[in-house]
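We count ligands from 1, going down the list as the structure has it; atoms in each ligand are counted the same way. Nothing here was measured: the structure is a model prediction, and the numbers come from that model. FYI, side chains are in, hydrogens and waters are out, and symmetry mates aren't considered; it's all heavy atoms of this structure.
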Amino acid sequence: MRDDGLVLPGSTIGVLGSGQLGRMFAIAARRMGYRVHTLSPDEDTPTGQVADLEINARYDDLDAVRRFASAVSVVTFEFENVPAATAAAAAECCPVRPSGQVLHTTQHRLREKTFLSEAGLPLTPYRRVDSLRSLRTAAFELGLPGILKTADFGYDGKGQFRVETEADLTAAWDGVGRRESVLEAFIPFESELSVVAARSADGNFVHYGAVENQHVNGILDIAIAPGRVPREASRRAVALARQVLEALQVVGVLCVEFFLKRDGSLSINELAPRPHNSGHFTFDANVTSQFEQQLRATCGLPLGSVTQLCPAAMANLLGDLWANGEPDWAAATALPNVKLHLYGKMAPRPGRKMGHLTALAPTVEQALADVTEARARLTRRQ
Ligand SMILES: Nc1ncnc2c1ncn2[C@@H]1O[C@H](COP(=O)(O)OP(=O)(O)O)[C@@H](O)[C@H]1O
Ligand SMILES: [Mg+2]
């Protein structure tokens with residue numbers, strides 16, 4: 001890195017983590033002439049397949065992390081559950097963006113919720129739970145139904161247990177592995193929204209607007225952009241997202257997930273300090289994708305235009321689609337306004353994110369209809 005903090009094209013960027021987010025980041029980085037190294041415990045990974053170098057090491061192998069960080073100009077990450085010690089070891093050797101502090105706050109539900117409530121931001125009522133006894137007290141105080149979530153290492157609805165009545169408490173406590181957790185009140189939301197936003201080292205803020213998200217079994221299924229939500233809710237979601245990025249002093253991309261409640265108010269569900277599944281449409285629909293924005297912020301370049309060129313809808317492709325053999329790619333790509341993204345993962349396990357489709361159309365209704373049709377064609381047998 002130069003004295004002015006710029007990491008210019010031709011330099012090498014290190015990515016901690018090796019999934020699809022790193023893969024799309026690496027594609028954006030390579031397009032702009034950067035080289036990419038990735039480190040994770042796995043081999044032949046989605047990121048590794050498009051990176052210049054794939055390092056296979058555990059995140060707690062701090063010597064390997066230091067060697068990795070010494071060979072690059074700047075380190076970013078695509079996986080927020082990298083241990084704090086890993087980010088700290090990397091930071092001994094080169095700048096890490098976003099900072100280990102952002103990671104530390106957002107990788108633990110309790111620290112994240114404490115940060116949000118101290119910042120005066122609206123969040124779902126919750127209680128910390130560390131025993132069956134404290135779970136009973138929490139259920140009494142919050143009321144049921146609720147959702148018990150592990151404090152750390154949750155994603156795609158994993159580590160979450162719905163508690164309908166007091167009879168479910170023991171099973172939920174066993175379900176989270178009897179470890180530190182959060183009981184949240186169940187929110188009967190009108191819809192779910194997210195705002196993906198970016199902030200540069202010099203404090204510029206940009207965002208991709210409020211996206212409407214539909215989940216199935218706790219996993220994002222469909223994202224619709226722009227979201228079909230009242231203008232005031234969308235304006236407020238963006239203002240809240242801005243507050244979050246500024247309070248955390250994020251340099252990079254961060255997504256804020258919201259519940260839009262029936263009374264029109266918003267609660268923050270959770271934060272993701274990186275590009276987000278609900279922002280994948282930006283790869284095809286926006287002048288600058290969320291991945292290029294992460295690259296620009298990480299490298300100290302000015303942020304790019306977030307202008308969305310046309311309405312879009314994204315549908316995830318989970319491993320379940322492979323249940324009866326290889327999906328019919330030709331049938332789905334026969335819709336010319338639908339873009340196919342596959343992540344290079346070998347084993348299509350149920351619930352595993354294997355890829356996504358993005359439809360671009362003159363209206364969000366048309367984009368939604370087309371992406372739904374394209375996905376249905378993958379498994380429709382003649
Ligand atoms: N308190 C809640 N009330 C209602 N639905 C919830 C609540 N918490 C989570 N969910 C549902 O489960 C999904 C996944 O939960 P989330 O906390 O975002 O976990 P993950 O880290 O797995 O994305 C949410 O997008 C939402 O659909
Ligand atoms: Mg979530």
Chemist: Would you say G159 contacts ligand 1, with heavy atoms under 4.0 Å as the rule?
Modeler: no

Chemist: For ligand 1, which atoms, with element, lie under 4.0 Å from some heavy atom of G157?
Modeler: 20 (P), 22 (O)

Chemist: Just let me know how N213 lines up against ligand 1, side chain, backbone, both or neither, with a heavy-atom cut-off below 4.0 Å.
Modeler: neither

Chemist: For the pair R375 and D221, find out whether any cationic side-chain nitrogen is under 4.0 Å from an anionic carboxylate oxygen.
Modeler: yes

Chemist: Please list, in number order, the atoms of ligand 1 under 4.0 Å from a heavy atom of R109.
Modeler: 17 (O), 19 (O), 20 (P), 21 (O)

Chemist: Tell me: protein heavy atom nearest atom 3 (N) of ligand 1, and distance?
Modeler: I187 N, 2.9 Å

Chemist: To check you understand the geometry: which heavy-atom pair defines the closest contact between A87 and G100, and what is its length?
Modeler: CB-CA, 4.1 Å

Chemist: Tell me if the aromatic rings of F258 and F189 count as close, with their centers under 6.0 Å from one another.
Modeler: no

Chemist: Could you tell me the residue and atom name of the protein heavy atom closest to atom 19 (O) of ligand 1, and the distance to it rounded to 0.1 Å?
Modeler: Q160 NE2, 2.8 Å

Chemist: So do the side chains of T379 and D328 get within less than 4.5 Å of each other, counting heavy atoms only?
Modeler: no

Chemist: Quick one: which ligand 1 atoms are inside 4.0 Å of a heavy atom on E257?
Modeler: 18 (O)

Chemist: So, applying ring pair (Phe, Tyr, Trp, His ring centres under 6.0 Å) with F291, which one of H280, H276, H341 is it?
Modeler: H280

Chemist: How are the rings of F281 and Y208 set to each other: parallel, tilted or perpendicular (split at 30° and 60°)?
Modeler: perpendicular

Chemist: Look at atom NZ of K339 and say whether more than 12 heavy atoms of other residues, nucleotides or ligands are closer to it than 6.0 Å.
Modeler: no

Chemist: Which of these, N269, L193, L266, sits in a side-chain contact (heavy atoms from CB on, under 4.5 Å) with F259?
Modeler: N269

Chemist: Which of the atoms of ligand 1 are close to D156, meaning less than 4.0 Å from one of its heavy atoms?
Modeler: 20 (P), 22 (O)

Chemist: Can you tell me which residue and heavy atom of the protein come closest to atom 25 (O) of ligand 1, and the distance to 0.1 Å?
Modeler: E192 OE1, 2.7 Å

Chemist: Under the 3.5 angstrom rule, does the side chain of D61 hit a backbone N or O of A57 as a donor-acceptor pair?
Modeler: no

Chemist: Taking distance alone, with N or O pairs closer than 3.5 Å, would you say A185 contacts ligand 1?
Modeler: yes

Chemist: Among the N/O/S atoms of E270, select the one at the shortest distance from the Mg ion (ligand 2) and name it.
Modeler: OE2

Chemist: List ligand 1 atoms under 4.0 Å from H215, heavy atoms only on the residue side.
Modeler: 25 (O), 27 (O)

Chemist: Would you mind finding which of F258, F153, Y126, F186 brings a heavy atom closest to atom 4 (C) of ligand 1?
Modeler: F186

Chemist: Take atom CD of E166 as the centre, draw a 6.0 Å sphere, and report whether it contains more than 12 heavy atoms from other residues, nucleotides or ligands.
Modeler: no

Chemist: Who's the nearest protein heavy-atom neighbour of atom 21 (O) of ligand 1, and how far?
Modeler: E270 OE2, 3.0 Å

Chemist: Would you sort out whether V102 and R274 count as a side-chain contact (heavy atoms from CB on, under 4.5 Å), showing the intermediate values?
Modeler: CA-CA 10 Å; V102 173; R274 46 160 175 80; over 6 Å; no

Chemist: Quiz question for you: does at least one protein heavy atom lie closer than 4.0 Å to atom 14 (C) of ligand 1?
Modeler: yes

Chemist: Please list, in number order, the atoms of ligand 1 under 4.0 Å from a heavy atom of G154.
Modeler: 21 (O)

Chemist: Could you check atom 17 (O) of ligand 1 against the protein and tell me its nearest heavy-atom contact, residue, atom and distance included?
Modeler: K149 NZ, 2.6 Å

Chemist: Between F189 and ligand 1, does any nitrogen or oxygen pair lie at a separation below 3.5 Å?
Modeler: no

Chemist: Does a side-chain N-to-carboxylate-O contact under 4.0 Å join E373 and R377?
Modeler: yes

Chemist: Below the 3.5 angstrom mark, is there an N/O of K158, backbone or side chain, next to an N/O of ligand 1?
Modeler: no

